[in-house]
K.L.:
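Before we start, here is the structure in question, set down as structure tokens.
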Amino acid sequence: MYIFDSVQKIKRLFTPQNEGKVSLYVCGPTVYDDAHLGHAKSALVFDLLTRVLKANGYAVTYARNITDIDDKIIKKAQEQNKTIKEITEFYTEAFHKEMQSIGVSRPDLEPKATESLDAMFTLIQKLIDSNHAYKTEDGDVYFDTSSDSEYLSLSKRVQEEEEKQNRVESSSAKKNSADFALWKSVKDGSITFDSPFGAGRPGWHVECSAMIEKHLALPHAKFAVDIHGGGADLLFPHHENEAAQTRCGTNHALANYWMHNGFVNIDGEKMSKSLGNSFFLKDALKVYDGEVLRFYLLSTHYRSNFNFNEEDLQSAKKRLDKIYRLKKRLFGLACGTEKTLFQEELLKALSDDLNISNSLALIDAMITHANETLDTAGKHKELKAQTLSNLGYIEEVLGFGMKNPFEYFQSGVDETTKAKITELIFQRDEAKKIKDFITSDRIRDEILLYGIGIMDTPQGTFWEKV
RNA sequence: GGUGCCAUCGCCAAGUGGUAAGGCCGCAGCCUGCAAAGCUGCUAUCCCCAGUUCAAAUCUGGGUGGCACCUCCA
């Protein structure tokens, strides 16, 4: 398995620290708003990664945190006159539900900031004790970036430039403008947490380092986790700061491999909170099938920026349709389990830094070959068994083709319409029997008005939503 | 201003030194009562210029054009 390490900027052969076992940590959502397509993309990418790692025989421990302490959460709670727990539980539940609808499995661990404060205190205290952090007169605790000779080694930025160009107003209490808060004291009477450093709230960066120590890190390992992932925007400052905290506050570095997924743009425009053009997953799910969204968002390499638009989505849907058409063709047959060359090649492609393009090309070739053989030798038993096994493998490793193929093509059609279609198809069959093609074609046109296309096969007439 | 990324057929998109995968769209054909689905065939020399090399889309230098991060962000 090869992984592109976004810190070393090269593709590296993946070797876990513990043979056969992989620890993966991914920065999860701050639960104060609905998940947008960018959250979906990130979740999908690392869902795919865990599937591929498992297919390679690794036992994977995948942790994705839930940030449930944050100024934005508190602001929202105050605005809506709710507790932060009401806010975070609502959005956490929505997040889980929406992720499930695009086929994202739950991580093994989902640590929450509110449940990891003890680990944060321990880490902050260690940083203070080792002179990597300092308290200000206001009661804040800052990480001293000048104490870490390797600071900026992740993002390869230049310190002087950072300071000169730093757009954040630097607090006079900070020693260096790049220093970031580990603990923010709060004295305005709003929501706070008690800590050895006084009442306040943790800084954002510290929670990930602390949770990794608490839930994943091996005590004597060189790296706390094998792989650390997240969106491309997190490399700096978030991951830079996480890495600094762990490096200085523990006896190991944070991660051996760093993976950052590209951004999702909407019709060529960056999607961001400040621009207010977020495309929420829940809205996308009202219009598009969850699995189509999954396929579409995964159909481009994870590191590339992704431009979401209707035309490409429809093009991706047609590609997914082909998987389901083949599945439909073999519907009802017992699932095969034999390993095939195709599966070997598919895993090889995916194991090359998740090369999805090559993987999809292999799938298309497999589908074409299967269809071709079924066209010419419909009773080819061995081919059928292998194809079913291949389709099962695609489900397992990529999460494509999980549904009943008939339901997939008919999703979104209500029962009344279904009954009507069935009736019309019956009438058309009667007309066809007596070769009254004028009537049968008229009925087909009528069915089309419902947005339904039909196809005559030796097994009878089937219909699909167009 | 700093740092980094990218530029491949109408569209999406692999390939990163050995002579351009795949999908969508389009055209032609097979199949079909006709369709749909499926199958077959056809469609690019890789932004521009210069260089290195027996050989470059792939490496180097210079342009041009996009984009991202440096601020909450996946």
Side-chain angles (χ1 to χ4, degrees), chain A residues 6 9 11 26-30 32-33 35-46 64 70-72 75 152 155-169 178 204 229-238 240 260-265 268 270-275 278 296 299-301 303-307 309 311-322 325-326 328-329 349 352 355-365 367-376 409 432 435-438 440-441 444-445 448 453-457 461-464 466:
Chain A
S6 47
K9 297 194 187 300
K11 210 184 269 185
V26 175
C27 291
T30 301
Y32 73 105
D33 204 351
H36 57 222
L37 294 177
H39 293 106
K41 170 90 182 175
S42 179
L44 285 166
V45 165
F46 292 104
R64 182 184 60 205
D70 183 88
D71 289 356
K72 293 184 292 294
K75 187 170 169 241
L152 299 181
S155 58
K156 315 265 192 312
R157 281 159 203 275
V158 184
Q159 186 75 58
E160 296 77 50
E161 288 300 333
E162 285 304 319
E163 283 172 14
K164 195 161 61 184
Q165 296 296 333
N166 208 322
R167 288 198 242 156
V168 188
E169 283 192 27
W204 175 40
D233 55 332
L234 296 180
L235 180 58
F236 186 87
H238 187 53
E240 185 75 65
H260 290 94
N261 65 277
F263 260 50
V264 177
N265 298 324
K270 185 197 162 169
M271 174 171 59
S272 78
K273 305 220 160 122
S274 50
L275 288 173
S278 295
Y296 176 44
S299 65
T300 295
H301 188 80
R303 276 187 281 124
S304 305
N305 282 338
F306 188 93
N307 187 32
N309 66 77
E311 192 192 342
D312 294 347
L313 182 140
Q314 292 305 338
S315 164
K317 180 190 179 298
K318 287 184 180 172
R319 215 170 180 179
L320 177 61
D321 285 352
K322 298 203 313 186
R325 289 242 164 70
L326 180 57
K328 200 159 118 177
R329 213 169 165 175
D352 179 18
N355 189 328
I356 193 73
S357 288
N358 282 340
S359 305
L360 294 181
L362 286 166
I363 290 173
D364 282 317
I367 292 173
T368 298
H369 175 249
N371 275 321
E372 191 184 358
T373 311
L374 289 169
D375 278 353
T376 52
F409 285 114
K432 276 178 67 183
K435 303 219 184 294
D436 178 3
F437 296 122
I438 295 176
S440 69
D441 288 354
R444 182 165 61 198
D445 289 341
L448 195 60
I454 58 176
M455 37 195 59
D456 297 324
T457 77
T461 301
F462 294 118
W463 62 272
E464 293 180 1
V466 178

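Throughout, a chain's letter reflects where its sequence line sits, starting with A, and its residues are numbered from 1. What you are looking at is a predicted structure, and each value in this text was computed from that prediction instead of being measured.
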K.L.:
Considering all heavy atoms of both residues, which atom of S42(A) and which atom of N261(A) are nearest to each other, and what is their separation?
P.N.:
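So the minimum-distance heavy-atom pair works out to OG-OD1, 3.4 Å.
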K.L.:
Is there a donor and acceptor pair, one atom on the side chain of R444(A) and one on the base of A35(B), closer than 3.5 Å?
P.N.:
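In this structure, the two groups form a donor-acceptor pair.
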K.L.:
Of all the choices, C39(B), A21(B), A74(B), which nucleotide is nearest to the side chain of A361(A) once you look at every atom?
P.N.:
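Looking only at heavy atoms from C-beta outward on A361(A), the closest nucleotide is A21(B).
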K.L.:
Tell me the interatomic distance from D364(A), atom CG, to G38(B), atom C1', rounded to whole angstroms.
P.N.:
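Taking atom C1' of G38(B) as the reference, CG of D364(A) is at 14 Å.
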K.L.:
Side chain of K322(A), heavy atoms from C-beta onward: which of C24(B), G33(B), A13(B) has the nearest atom to it?
P.N.:
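So the nucleotide nearest the side chain must be C24(B).
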K.L.:
Ignoring the backbone of N355(A), work out which of A74(B), G38(B), A14(B) is nearest its side chain.
P.N.:
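The answer is A14(B).
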K.L.:
Measure distances between side-chain N and O atoms of D441(A) and base N and O atoms of G33(B), and say whether any donor-acceptor pair falls under 3.5 Å.
P.N.:
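For D441(A), whose side chain was compared with the base of G33(B), there is a donor-acceptor pair (under 3.5 Å).
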K.L.:
Checking K322(A) now: which residues fulfil side-chain contact (heavy atoms from CB on, under 4.5 Å) with it, not counting sequence neighbours?
P.N.:
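Only D364(A), I367(A) meet the side-chain contact (heavy atoms from CB on, under 4.5 Å) criterion with K322(A).
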K.L.:
Between C70(B) atom C1' and F263(A) atom CZ, what is the distance in whole Å?
P.N.:
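After rounding, the gap between these two atoms is 13 Å.
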K.L.:
Whole angstrom is fine here: how far is it from CD in E372(A) over to P in C31(B)?
P.N.:
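Between P of C31(B) and CD of E372(A): 16 Å.
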K.L.:
Of all the choices, C11(B), G33(B), A74(B), which nucleotide is nearest to the side chain of D312(A) once you look at every atom?
P.N.:
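Nearest nucleotide to the side chain: C11(B).
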K.L.:
Quick one: M455(A) CE to A36(B) P, roughly how many Å, whole number?
P.N.:
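After rounding, the gap between these two atoms is 10 Å.
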K.L.:
Is the shortest side-chain N to carboxylate O distance from D321(A) to K317(A) below 4.0 Å?
P.N.:
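K317(A) and D321(A): salt-bridged.
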K.L.:
Taking the minimum atom-to-atom distance to the side chain of R157(A), which one of A37(B), C12(B), C69(B) wins?
P.N.:
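Per side-chain heavy atoms of R157(A), the pick is C69(B).
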K.L.:
Hey, which of these two, R329(A) or S315(A), hits RNA chain B nearer its 5' end, going by closest nucleotide?
P.N.:
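Checking each residue's closest nucleotide, the 5'-ward one belongs to S315(A).
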K.L.:
Hey, is NZ on K75(A) packed in by over 12 heavy atoms from elsewhere, all under 6.0 Å?
P.N.:
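Counting neighbours around NZ of K75(A), 12 or fewer heavy atoms of other residues, nucleotides or ligands fall under 6.0 Å, so no.
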K.L.:
Roughly how far apart, to the nearest Å, are U45(B) and C5(B) at atom P?
P.N.:
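Roughly 29 Å separates the two P atoms.
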K.L.:
Between the side chains of D441(A) and R444(A), is the shortest nitrogen-to-carboxylate-oxygen separation below 4.0 Å, so that they form an ion pair?
P.N.:
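Salt bridge flag = yes for D441(A) with R444(A).
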K.L.:
Starting at the 5' end of RNA chain B, which residue's closest nucleotide do you reach first, S299(A) or K318(A)?
P.N.:
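Nearest-nucleotide comparison on RNA chain B picks S299(A).
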K.L.:
Please confirm whether any donor atom in the side chain of D33(A) sits under 3.5 Å from an acceptor in the base of C72(B), or the reverse.
P.N.:
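No, the side chain and the base share no sub-3.5 Å donor-acceptor pair.
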K.L.:
Between K156(A) (NZ) and C69(B) (C1'), how many Å, whole number?
P.N.:
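To the nearest whole Å, that distance equals 14 Å.
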K.L.:
Out of I363(A), N371(A), T368(A), which one pairs with L326(A) under the side-chain contact (heavy atoms from CB on, under 4.5 Å) rule?
P.N.:
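Testing L326(A) for a side-chain contact (heavy atoms from CB on, under 4.5 Å) against I363(A), N371(A), T368(A) leaves exactly one candidate, N371(A).
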K.L.:
State the pairing partner of G29(B); accept Watson-Crick or G-U wobble contacts with both distances under 3.5 Å, and report none otherwise.
P.N.:
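Checking every strand shown, G29(B) finds its partner in C39(B), with both distances under 3.5 Å.
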K.L.:
Looking at every heavy atom in both S299(A) and S357(A), which two are closest together, and how far apart are they?
P.N.:
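Nearest heavy atoms, S299(A) then S357(A): O-OG, 4.5 Å.
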K.L.:
Would you indicate which nucleotide in C39(B), A13(B), C11(B) comes nearest to any side-chain atom of E311(A)?
P.N.:
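Among the listed nucleotides, the one closest to the side chain of E311(A) is C11(B).
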K.L.:
NE2 of H369(A) versus P of A21(B): gap in Å, rounded?
P.N.:
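In whole Å, A21(B) P lies 20 Å from H369(A) NE2.
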K.L.:
I want to verify a distance call: between A37(B), A74(B), G33(B), whose nearest atom is closest to the N261(A) side chain?
P.N.:
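Of A37(B), A74(B), G33(B), A74(B) is nearest to the side chain of N261(A).
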K.L.:
State the pairing partner of C9(B); accept Watson-Crick or G-U wobble contacts with both distances under 3.5 Å, and report none otherwise.
P.N.:
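No nucleotide pairs with C9(B).
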K.L.:
What nucleotide, of C24(B), C39(B), G4(B), holds the atom closest to the side chain of K9(A)?
P.N.:
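Nearest to the side-chain atoms of K9(A), counting from C-beta on, is G4(B).
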K.L.:
Pairing check on A74(B): which nucleotide meets the Watson-Crick or G-U wobble criteria with it, both distances under 3.5 Å?
P.N.:
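Paired with no nucleotide.
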K.L.:
Measuring only the C1' atom in each nucleotide, how far is A44(B) from C12(B)? A whole number of Å is fine.
P.N.:
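Their C1' atoms lie roughly 15 Å apart.
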K.L.:
Is it the case that A74(B) (base atoms only) and H36(A) (side chain only) share a donor and an acceptor within less than 3.5 Å, ignoring hydrogens and angles?
P.N.:
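Under the 3.5 Å cut-off, the side chain and the base do form a donor-acceptor pair.
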K.L.:
Select one nucleotide: of G23(B), A74(B), U40(B), the one nearest the side-chain heavy atoms of L234(A).
P.N.:
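Among the listed nucleotides, the one closest to the side chain of L234(A) is A74(B).
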K.L.:
Is there a Watson-Crick or G-U wobble partner for A68(B) with both distances under 3.5 Å, and if so, which one is it?
P.N.:
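Base-paired to U3(B).
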K.L.:
Quote, to the nearest angstrom, the C1' distance that separates G4(B) from A55(B).
P.N.:
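Rounded to whole Å, the distance is 31 Å.
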K.L.:
For the side chain of N371(A), starting at C-beta, report the closest nucleotide among C39(B), A21(B), G23(B).
P.N.:
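Of all the options, the side chain of N371(A) is nearest to C39(B).
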K.L.:
Quick one: look up who G18(B) pairs with, Watson-Crick or G-U, both distances under 3.5 Å, and put none if it's unpaired.
P.N.:
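Across any shown strand, G18(B) pairs with C54(B).
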K.L.:
Can you check the distance between G22(B) and A14(B), where both ends of the measurement are the C1' atom (answer in whole Å)?
P.N.:
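Per the computed distance, 8 Å lies between those C1' atoms.
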K.L.:
Once you round it to whole Å, what is the distance between C1' of C39(B) and CG of D375(A)?
P.N.:
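One finds 5 Å between C1' of C39(B) and CG of D375(A), rounded.
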K.L.:
If we take the P atom in both U71(B) and G66(B), what is their distance in whole Å?
P.N.:
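These two P atoms come out 25 Å apart once rounded.
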K.L.:
In whole angstroms, how far is the C1' atom of A68(B) from the CZ atom of F236(A)?
P.N.:
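After rounding, the gap between these two atoms is 14 Å.
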K.L.:
Any ion pair linking K11(A) and D352(A) (charged N to carboxylate O, less than 4.0 Å)?
P.N.:
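Salt bridge: yes.
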